[in-house]
Amino acid sequence: LVIGKPLHGVTLDNYADYLAGYTLFNDYSERYMQIETSGQWAKGKGCDTFSPIGPFMATTDEIPDPSNLNLWLKVNGEERQNSSTSDFITDVPHILVMLSEYMSLLPGDLISTGTPEGVGLGFTPPKYLKPGDVVEYGIEHLGEGKQTLVAHKDQA
């Protein structure tokens with residue numbers, strides 16, 4: 001979700017007035033930081049390069065109902081996710097209403113809506129990403145993305 005106007009405390013009746021549109025948001029996670037070290041789960045989400053967005057934003061008039069869009073993800077050509085936004089636990093209107101109860105949102109803020117089953121942690125054994133892996137993904141009407149993973153390099 002891409003926020004279009006400042007908001008706090010929106011309702012189901014007016015949530016759409018505050019959205020600018022929708023874009024791809026690939027939500028990578030660093031599981032070691034999340035699982036093996038103490039503290040907040042979110043610390044494994046905020047690493048440099050972990051949330052590529054785009055390639056464009058579709059406005060709300062281009063996608064009036066985001067609740068049934070096909071989405072997919074492949075790693076090295078292997079399908080890991082093939083689902084729909086209709087499978088979300090919480091739909092777009094309720095996500096925005098719930099978040100706006102607790103925080104103010106400003107134009108340009110992004111909200112990642114979550115992911116379907118198929119994340120590497122959910123496999124037995126887990127299928128974690130590694131340098132050289134190619135991740136391809138897309139959502140109907142929002143385009144496609146592709147990244148080749150590289151190892152972290154310490155910055156001096």
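All figures in this text were calculated on a predicted structure; none of them were measured in a lab.
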- Does the D91 side chain pair with the main chain of H94, one donor and one acceptor, at a distance under 3.5 Å? yes
Margin query: Can you confirm whether S104 sits close enough to L7 that some side-chain heavy atom of one is under 4.5 Å from a side-chain heavy atom of the other?
Written below: no
Can you find a pair of side-chain heavy atoms, one from N26 and one from V135, that are under 4.5 Å apart?
yes
Fill in: Full working for side chain to side chain contact (heavy atoms under 4.5 Å, CB included) between M98 and T90
CA-CA 10 Å; M98 287 187 300; T90 306; 3.2 Å; yes
On a heavy-atom basis, the closest approach of T85 and S67 is OG1-C, 3.1 Å
Hey, are the side chains of E136 and W72 touching, using non-hydrogen atoms and a 4.5 Å cut-off?
yes
Side chain to side chain contact (heavy atoms under 4.5 Å, CB included) test vs V2 passes for just one of T60, D109, L110, L19, namely L110
Heavy-atom nearest pair, T23 first then F56, reads OG1-O, 2.7 Å
Is it true that a side-chain atom of N70 and a backbone atom of S84 form a donor plus acceptor pair closer than 3.5 Å? no
Closest non-hydrogen atoms of K74 and E79, given as atom of the first, atom of the second and distance, are CG-CA, 3.9 Å
Within the structure provided, determine whether Y137 and L71 are in side-chain contact (heavy-atom separation under 4.5 Å).
no
The reported gap from CG in L149 to NZ in K130 (rounded to nearest 0.5 angstrom) is 9.5 Å
Do L24 and I53 have side chains that approach each other closer than 4.5 Å (heavy atoms only, starting at C-beta)? no
Establish whether I139 and L73 are linked, either directly or via other cluster members, by ILVMFWY side-chain heavy-atom contacts under 4.5 Å.
-> yes
**Asked** Around atom CD1 of I89, are there more than 12 heavy atoms of other residues, nucleotides or ligands at under 6.0 Å?
**Response** no
**Prompt:** Do I3 and Y22 share a hydrophobic cluster (ILVMFWY, side-chain heavy atoms under 4.5 Å, transitive)?
**Reply:** yes
Contact check, side chains of D133 and T148, non-hydrogen atoms, under 4.5 Å: no
Taken to the nearest 0.5 Å, the spacing of F88 CZ from I95 CD1 works out to 6.5 Å
Atom NZ of K146: over 12 foreign heavy atoms under 6.0 Å: no
Apply the test side chain to side chain donor-acceptor pair (under 3.5 Å) to residues D13 and T11: give CA-CA distance (whole Å), side-chain angles for both, the deciding distance (0.1 Å), then the verdict.
CA-CA 5 Å; D13 293 330; T11 66; 4.5 Å; no
Considering only NZ, NE, NH1 and NH2 on the basic side and carboxylate oxygens on the acidic side, decide whether R80 and E78 come within less than 4.0 Å. yes
Closest non-hydrogen contact found for E144 with P55 is O-CD, 3.6 Å
With side chains defined as the heavy atoms from C-beta onward, is the minimum distance between M57 and T59 less than 4.5 Å? yes
- Can Y15 be reached from L69 by stepping across I, L, V, M, F, W or Y side chains whose heavy atoms are under 4.5 Å apart? yes
- Message: According to a hydrophobic-cluster definition based on side-chain heavy atoms being under 4.5 Å apart (Ile, Leu, Val, Met, Phe, Trp, Tyr only), do M103 and V92 belong together?
- Response: yes
* Asked: Less than 4.5 Å apart, any side-chain heavy atom of I111 and any of L96?
  -> yes
Between A58 and L142, the two heavy atoms sitting closest are CB-CD2, 3.6 Å
Distance col, row H8:NE2 vs Y102:OH, nearest 0.5 angstrom, shows 10.0 Å
